[in-house]
Structures are given as structure tokens and as C-alpha cells.
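The structure appears right after this line, and notes come after that.
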Amino acid sequence: MTLHLHDTATRTTRPFEPAQPGQASIYVCGATVQGTPHIGHIRGALNYDVLRRWLMHNGLDVLFVRNVTDIDDKILTKAADAGRPWWEWAYTHEREFEAAYTALGCLPPSALPRATGHVTQMIKLMQRLIDSGHAYVSGGDVYFDVQSFPDYGKLSGQRLDEVQQGESAAEGKRDPRDFTLWKSAKSGEPSWPTPWGDGRPGWHLECSAMATSYLGSEFDIHGGGVDLVFPHHENERAQSRAAGDGFARFWLHNAWVTMSGEKMSKSLGNVVSIPAMLEKATGQELRYYLIQPHYRSTIEYSDEALAEARQGYRRVEQFLRRATSQVGDIEAGEVPAEFAAALDDDLATPQAFAVIHNTVREGNTALDDRDDKLVAEHAAAVRGMTGVLGIDPLTEQAERGADNGTQQALTALVEGMLEQRQQARAARDFATADDVRDRLIAAGIAVADTADGPTWQVKSD
RNA sequence: GGCGGAGUGGCCGAGUGGUUCAGGCAAGGGCCUGCAAAGCCCUGUACACGGGUUCGAUUCCCGUCUCCGCCUCCA
């Protein structure tokens, strides 16, 4: 089976064949950097990161562009409320988003274009639209003429005559459903010069300009959250195709993370901001939690579900630790066919996780049987699979292990205590042995005896 | 009003016209262990409701109820 993806435009799951064999180009709508990221924002990025890794794993050369919307009404409003320059406000939150992506294991994009850096490209696109009769200037604003593009509404399944009012009824519009490509400058607001006067970008224009600027007039995949289907992506598609670009060949949309059955609001966002969540779980645990459900299924956030995911992650981690200590270092190996089939089926991560856990169970059995060859095989497969998903525990350990002397000091202390305990056990002085173990547990360190001696692990609860 | 998604065993979360099972977490029993922990084995008999199609539906069709999203900014 080859990779199949669910395409919003056709409402079908169909085979993915890149326009250029051996390559894939992906454009993902990133954040409007107006606030601190919460898990809902990052979920989408995680989904597309998994897609990207899977394409790379299959040997494709992937160009992955994620934009930053660094100029918009909310940024201006919030910055003004905070008494800070808008560009500082935007950049501050851009850094928060980047830190969050990194903490959750997203590979850095091939390019990270900002709207404010691509006004030239936007002007060119607007000129093409005006020249071809799809856009018009009205009092310094530039609007897209929705009725000039018969395909309008096709992506989102909207019929033009059913579309309600449209964005804020500006006076210069010919049709209330026309959308803004360019907003004329208001005093005190940032602006850039254009042939039609000073102003700033409308929201939709930037993505069309940047996507085609980096990936060409036609590219493979355009991703974003379901809320973007209409109007954002509908408008992007309209303006790009009206201008003559092929634009995206597949449209992918990820579902929400909700809380108490509702979309995350500003107030809830504080509770589940990435910095707050990273106090409850590690980046990889959080990633495991967010990518296990199918990307088109809503995740109803709960602390309990997160705790479950952490348990599941640790089960995998524990297996790899035991395997490594029994048979030595293990490199990532081939992924099982069922795993590949799962991801090929529109990134069916739930089934992919089932394959991982089945492999872990078989690996644990092999560990108990002391069948080192089988242990190594299964551990290699698990590393291969978790690597594709970006949740290989040994990778993270490698990063963490290199960090500082604290880890070494802890290791020395714990191993010293475990040595005492082993001596007590050898002497059948179980009272002393249990006392040592209790002290370690009280300090948050779990001890497990194996045939090869005790192992330990910090339990970060 | 228009468009779209969803209701599965204690919980999370897949999937399928019928037979052996998603997977995880939790629970109970067993093995192992000095005791634990971890691991392994076993157990649960679920598919919102009402019709219909069918030899047979959780899975297809129709209807109902409930929840959610988009149609204004939003991942």
C-alpha cells in the first residue's frame, strides 16, 4: 500500500503522489504570534511533523514551510494594551512558539517565513489579481472579487449564496462576501508602501504569497486546523487559483484539542499552555499523548488521559531500557509492515501505536526468556517506529544524559544506595534492604529488581 | 438557515457486515519475586435511540435524540 491521505477538497482519502517524484512540498499554516501557545496550537504542528517524518522515512526529499503571521489586528491590539511595540510583541510570542515546537520534538522547518518579510511577493500577487479582473482597489483597500471565481466555496463545501455576511462589512466592497487582500493604513498603525497606497496585509494573502514563493506555483500538501478551512483556506485557494497558480494538491486539516467539550478559549489556554503542560509531563510524553489519537479526531483533554499516555510511554521506555541493559546498544531498525501500513492509511497513528505496544510485549517476553537475538530485533523495531513518530525515548535520554553533572551525581548516589541494598539482601537482612528501597521511593526513584540486578528510574510524578 | 464532525465495554481510543483478538490505562485472578516493582498469562462480553435492508448489523439505509465545529478572529 502506498500512502493515502484524506484530502479536504475532494472529501476523499486518496493516494498521495507527489508532483515531483522523490520530493514532497508541504506548507503549514503556523501561528498568529499573539499569545502563548497551548496544546491545541501545537497538536497540528505535531501531526504535520509526523507526516513529514513518515515521508522522509520513505525516502522523499521534503520541503517543509511553516509561516509566522506576525502582523494582524490582534497583535496590534494586544501589544497596544501591553504598552509594547507590536513587533516586539510578535517576536516574543514567536519565540515561545518555536520553543514549544522544539520541546515537543518538531523538526525545524525548511523555511520559517514571516508575513512582514514578504510584502513584495504579496504586491505581485495582488497585481496579478487586479490585472486579471479578480481583485479591485477601493479607497486604498484591495478586495478579492468572490463572484469572479466560480469555484469559490468548493474547498469547504459552501455555496456562495449560502455564505453569510463575510468579514466586517467594509464600505468599499462590491459584495459583502468579498474578502480583504490589503488593508489601507490607519494612522498610528504599521504600514508598507504599495502602488495603491500604504497599508498592511490581509490575513489570507500572506499564505498564498509565501507558499508559492518558496514551494512554487503548485505544491503537494497544505495543512492547518479545521477552523481554517473556511474562510482562510477557501480564500487562499481562490486568490491563488484565480491568479493562475495550481496551488495545493492536497488539503489536510487536523481536529481540535477541546476541554470540557469545548474549544479552547483564551482562559482555558492558560491552563494548557505549553509551559504549563511541560510541568506535568516531558516533551516526549506530551507528544505521545497528542499524536496517539488520529489527527482528524478531536482530543478531549483531561489530566487522566494525559497520565495514561505517560504510562504508555513509560512502558515503551522501560522496555528499551531493559533491552539495552541486557543486550547492549541498539540502533533503530526497520519498521514492521503493519506499522507502515497504518501510517500509509491516512496516518493511522492509533494502529501504529498498537503495533508498537504489541512489539513491546513480545520484546518483554523475549527479555524474560533471555532470547537476546529476539530482544535486539524487537528493540530495534521499537526504536525504528518511535523514531518515525518522534518519540524514541533513547534519543531523548541521549540529549539529557549529555547535559550536566547533576545527573552523574544522582547516578552515583543512587547506585551507592542500591549497592548497600544488594549487600543487605545477600545477607538476607531484608529490613535494611527494604529501608533503603523505601528511602529511594520516597525520593521519587523507582527500583526494580531483575535477573541482572536492580534497575532504577526517576519517577517524575 | 447552510456546511461538516461525533456518540463504542470502568476510562482513553481503533475498527469491522458474521467467525480469535485493536492497543493503552484502570480492576480482578495467576506466574515470577525474600517482599515489592516491573514483566508475562487469563478475565470483562461494548458499540446513543427507533425503524429498515439482510440468512445475519455495532458496521449499510432512513429517522430521532444529544454533543461539537465552521459560516466574524482562531490550531
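Just so you know, these numbers come straight off a predicted model, no measurement behind them. Each chain gets a letter, A, B and so on, in the order its sequence line appears, and its residues count up from 1.
Heavy-atom nearest nucleotides on RNA chain B were determined for A:His41 and for A:Val447, and the one closer to the 5' end corresponds to A:Val447. Each of A:Asp227 and A:Gly157 has a nearest nucleotide on RNA chain B; the 5'-most of these lies closest to A:Gly157.
Distance, A:His378 NE2 to B:G39 P: 17 Å, rounded to whole Å. Protein atom CZ of A:Arg159 is 21 Å distant from nucleotide atom P of B:C70, rounded to whole Å. A:Arg310 has its CZ atom 19 Å from the P atom of B:G24, to the nearest Å. Regarding A:Arg439, its CZ atom lies at a distance of 22 Å from the P atom of B:A36, rounded to whole Å. Atom pair A:Arg43:CZ and B:G69:C1' shows a separation of 13 Å (rounding to whole Å applied). One atom, CG of A:Leu389, and another, C1' of B:G23, lie 14 Å apart when rounded to the nearest Å. Taking atom CG on A:Leu51 and atom C1' on B:A75, their separation rounds to 16 Å, with Å as the unit. The interatomic distance linking A:Phe319 (CZ) with B:G24 (C1') rounds to 17 Å, in whole Å.
Comparing the C1' positions of B:U66 and B:G24 gives an interatomic distance of 28 Å, to the nearest angstrom. Distance check on atom C1': B:G44 versus B:A38 gives 24 Å, rounded to whole Å. For B:G56 and B:U19, the C1' atoms lie 12 Å apart once the distance is rounded to whole Å. With both ends at atom P, the span from B:G18 to B:U33 equals 44 Å, rounded to whole Å. The separation of B:U20 from B:A27, taken at their C1' atoms, amounts to 24 Å, rounded to a whole angstrom. B:G2 and B:U64 are spaced 13 Å apart, taking the P atom of each and rounding to whole Å. Look at the P atom in both B:G9 and B:U58: the space between them is 15 Å, to the nearest Å. Remark: the separation of the C1' atoms in B:G39 and B:A46 is 28 Å, to the nearest Å.
At the heavy-atom level, A:Arg437 lies under 4.0 Å from base atoms of the strands shown. Across all strands shown, A:Ile42 has no heavy atoms under 4.0 Å from either base or sugar-phosphate atoms. Counting non-hydrogen atoms under 4.0 angstrom, A:Gly225 reaches the backbone sugars and phosphates but no base. In this structure, A:Val257 reaches the bases: a heavy-atom distance under 4.0 Å links it to at least one base atom across the strands shown. If you check every strand for non-hydrogen atoms under 4.0 Å, A:Asp161 touches nothing. Within 4.0 Å (heavy atoms only), A:Val229 reaches no atom of the nucleic acid at all. Here A:Arg370 lies out of heavy-atom contact (under 4.0 Å) with every strand. Backbone-only contact: A:Thr32 has heavy atoms under 4.0 Å from sugar-phosphate atoms and none from a base.
Nearest nucleotide to the A:Ala448 side chain, out of B:A37, B:C35, B:G2: B:A37. Among the nucleotides B:G4, B:A75, B:A22, the one closest to the side chain of A:Arg11 is B:G4. Nearest to the side-chain atoms of A:Gln158 among the listed nucleotides B:G34, B:C3, B:G23 stands B:C3. Checked against B:G23, B:C25, B:A75, the side chain of A:His357 finds its nearest nucleotide in B:G23. Side-chain proximity of A:Phe430 to the nucleotides B:G34, B:C70, B:G1 is greatest for B:G34. Ranking B:C71, B:C35, B:A75 by closeness to the A:Pro231 side chain, first place goes to B:C71.
With A:Tyr91 as the aromatic partner, A:Arg95 meets the cation-pi criteria of under 6.0 angstrom to the ring centre and within 45 degrees of the ring axis.
Side-chain to base pairing of A:Asp434 with B:G34: one donor and one acceptor N or O lie within less than 3.5 Å of each other. Side-chain atoms of A:Arg296 and base atoms of B:G5 include no donor and acceptor less than 3.5 Å apart. Remark: the A:Asp449 side chain and the B:A38 base include no donor-acceptor N/O pair separated by less than 3.5 Å.
Contact of the A:Leu5 side chain with the A:Leu51 side chain is registered, since non-hydrogen atoms from C-beta on lie closer than 4.5 Å. Residues A:Phe319 and A:Thr359 form no side-chain contact, since every pair of their non-hydrogen atoms from C-beta on lies 4.5 Å or further apart.
Between the side chains of A:Ser184 and A:Asp141, at least one donor N or O lies within less than 3.5 Å of an accepting N or O.
One finds a salt bridge joining A:Arg287 and A:Asp49 here, because a Lys/Arg side-chain nitrogen approaches an Asp/Glu carboxylate oxygen to under 4.0 Å. Salt-bridge annotation for A:Arg421 and A:Asp435: absent, with no side-chain N of the basic residue lying under 4.0 Å from a carboxylate O of the acidic one. Under the 4.0 Å criterion applied to side-chain N and carboxylate O atoms, A:Asp434 and A:Arg439 are not assigned as salt-bridge partners.
Annotation: A:His253 is not in aromatic contact with A:His6 [ring centroid separation under 6.0 Å not met]. Here the two rings, on A:Phe219 and A:Phe247, have centers that are under 6.0 Å apart. Between A:Tyr288 and A:Phe353, a ring centre-to-centre spacing shorter than 6.0 Å is recorded. Aromatic rings of A:His222 and A:Phe250 (six-membered ring for Trp) have centroids beyond the 6.0 Å cut-off, not under it. Aromatic rings from A:Tyr214 and A:His118 are positioned such that their centres are separated by under 6.0 Å.
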Tell me, with the steps shown, if A:Asp70 and A:His93 meet side-chain contact (heavy atoms from CB on, under 4.5 Å).
-> CA-CA 9 Å; A:Asp70 60 345; A:His93 294 104; over 6 Å; no
Hey, mind stepping through A:Met264 and A:Thr258 against side-chain contact (heavy atoms from CB on, under 4.5 Å) and telling me if it holds?
-> CA-CA 6 Å; A:Met264 286 196 176; A:Thr258 62; over 6 Å; no
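Relative orientation of the A:Tyr289 and A:Tyr301 rings is perpendicular, given thresholds of 30° and 60° on the angle between their planes.
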Would you list the protein and nucleotides 7-13 of chain B atom pairs, both N or O, that sit under 3.5 Å from each other?
from  : atom 1 : to       : atom 2 : distance (Å)
B:C11 : O2     : A:Glu308 : OE2    : 3.0

What string of B, S and - do you get for nucleotides 40-45 of chain B, 5' to 3', when a contact is any protein heavy atom under 4.0 Å?
-> SS----
Given pairs defined as Watson-Crick or G-U wobble with both distances under 3.5 Å, what dot-bracket annotation applies to RNA chain B, with ( ) intrastrand, [ ] crossing, | other strand and . unpaired?
-> (((((((..(((.....[....))).(((((.......)))))....(((((..]....))))))))))))....
